[in-house]
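Note sheet for the following structure.
Counting starts at 1 for both ligands and their atoms, following the listed order.
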Amino acid sequence: MTGTSDEKPMKGLFIRTYGCQMNVYDSERIRDVLRPLGYAPVDAPESADLVVVNTCHIREKATEKVYSELGQLKRMKEASGGRMTIAVAGCVAQAEGEELIRRQPAVDLVLGPQAYHKLPEMIARASRAIGDRLETEFDTVEKFDALPKTRDADGPAAFVSVQEGCDKFCTFCVVPYTRGAEMSRRVDDIVLETRSLASQGVREITLLGQNVNAFHGPAPAIEGGEDWTLGQLCRHLAKIGGIERIRYTTSHPRDMNDDLIAAHGDTPALMPFLHLPVQSGSDRILKAMNRGHTAGQYRDIIARVRHARPGIAIASDFIVGFPGESDADFEATMQLVRDIGYAIAYSFKYSSRPGTPAAEMHGHVSEAVKDERLQTLQALLRLQQTEFNAAQIGKTLPVLVTGKGRNAGQMHGRSPYLQAVHFDGPESLNGQIVDVRIVGASLNSLTAELLQVREGAL
Ligand code: SAH
Ligand code: SF4
Ligand code: F3S
């Protein structure tokens, strides 16, 4: 044996992440929670002692992927002589629980999204083959409290979780069942985490929540008073030295309150980009989806946001082929898209999820019709995205440099509108915000020329 007696031997950790940004964030926190136990990330599952599969349950395909991945891991585990521990985390773990172990006995541990702070304890129990292999309790407060208050930054842009869970119960969606009730973090804890990231060079934070604009976290202890809103939180975080850009995702139209809209106008650090999912442009379908707003109300919100922050880029999510969706309903969605004009949008075929009210509804739409509608919608969205990108040509934009590009001498970064930007420049710019002139655009990225480097950047 080498090393001192209190040095723990390093153990390999491999985390595979599916799903939304919340899962990406959770995977980072799982890594943080395991570091004190001597777990260090490795590049491939074959060389890991512990493999965590952080799963997504949102559509049927996402769930199927988990089982095929677990089949591959089972073979690796056998090849390792059983040395590998397999943990399944995230939304499939929450939804399927015990069923996961039954369907794939190679799985050692199952933990829901509110339980990963218990992972060290579970690993200890598993190694002694005692106690429960399943943790699917909802205790978001306990989880937030148990997480390390500071963390390691990984580049100049970082996610910060501020809110979890969902009480909206859209009739198609599993999230309220997998993530539990809406719950907000304390402002003090969010500030501590953001400061720690800023001190490590983070310039841009994205505040995360399943319904991030429903945020209502306890106010800072020294101020007391009522819970804060997301608008208040953004203004406060903008004052932290080093934090130059703030984004938030994903928001819900029902929680787009006046104060948050005003913050888009009065807080320059709040980036001119809003992801506000609408799902459908038909009032009949919005009602059946239990979205709690009409297409007209959504249009009104977008108009007010655009008034507060002219030029703001709008993004959204759409579902085609929800049960009962007629040609006329689909046309209403197409018209909404034409009227709003999106910078980017994500669109999906409706996927029936067990246990959700929509799964029991009449009028399920055939796969062929869903396919056709998706293609029609995506063609329009691609056109709008290409046009939005092309409209940047000739403009000077501040770009947060996030790393080296594919070609020698090339760097990449992101525009205020969350577009990928490539330009020639020195590596020393990494992590800085630099001004570039946009000279080219395609569907997915912009090319640019470096204009000037802000003082002190080189
Ligand atoms: N909390 C976020 C979205 C979470 S899921 C919100 O409310 O906007 C991300 C996207 O997946 C949703 O916006 C929706 O467009 C899509 N989605 C959710 N459930 C789905 C289902 N059953 N079938 C197809 N798409 C779905
Ligand atoms: Fe799902 Fe609706 Fe909640 Fe978004 S708001 S997570 S779509 S239930
Ligand atoms: Fe998927 Fe869960 Fe996120 S179902 S989209 S990982 S909240």
Among non-hydrogen protein atoms, atom 1 (Fe) of ligand 2 lies closest to C173 SG, 2.3 Å

Closest to atom 3 (Fe) of ligand 2 among protein heavy atoms sits C166 SG, 2.2 Å

Ignoring waters, protein N/O/S atoms under 2.8 Å from atom 2 (Fe) of ligand 3 are C91 SG

With heavy atoms and a 4.0 Å threshold, my read on which part of P277 contacts ligand 2 is neither

Strictly under 4.0 Å, does any heavy atom of M289 approach an atom of ligand 2?
no

for atom 2 (Fe) of ligand 2, nearest protein heavy atom and its distance come out as C170 SG, 2.3 Å

Checking heavy atoms under 4.0 Å, the part of T250 that sits near ligand 2 is neither

Quick note on ligand 1: atoms under 4.0 Å from a heavy atom of R59 include exactly 11 (O), 16 (C), 17 (N), 23 (N), 24 (C), 25 (N), 26 (C)

Atom 5 (S) of ligand 2 sits nearest the protein heavy atom H252 CD2, 3.5 Å

In terms of its nearest heavy atom to atom 24 (C) of ligand 1, the top option of K61, M22, K349 is K349

Query raised in the report: Short N/O distance, under 3.5 Å, between Y350 and ligand 1?
Result: no

- request: Ignoring angles and geometry beyond distance, decide whether F172 reaches within less than 3.5 Å of ligand 1 through its nitrogen or oxygen atoms.
  value: yes

Taken in chain and number order and not counting sequence neighbours, the residues that satisfy side-chain contact (heavy atoms from CB on, under 4.5 Å) with A62 are C56

For P277, the atoms of ligand 1 under 4.0 Å from one of its heavy atoms are 8 (O)

Quick one: does H252 get an N or O within less than 3.5 Å of an N or O on ligand 1?
-> no

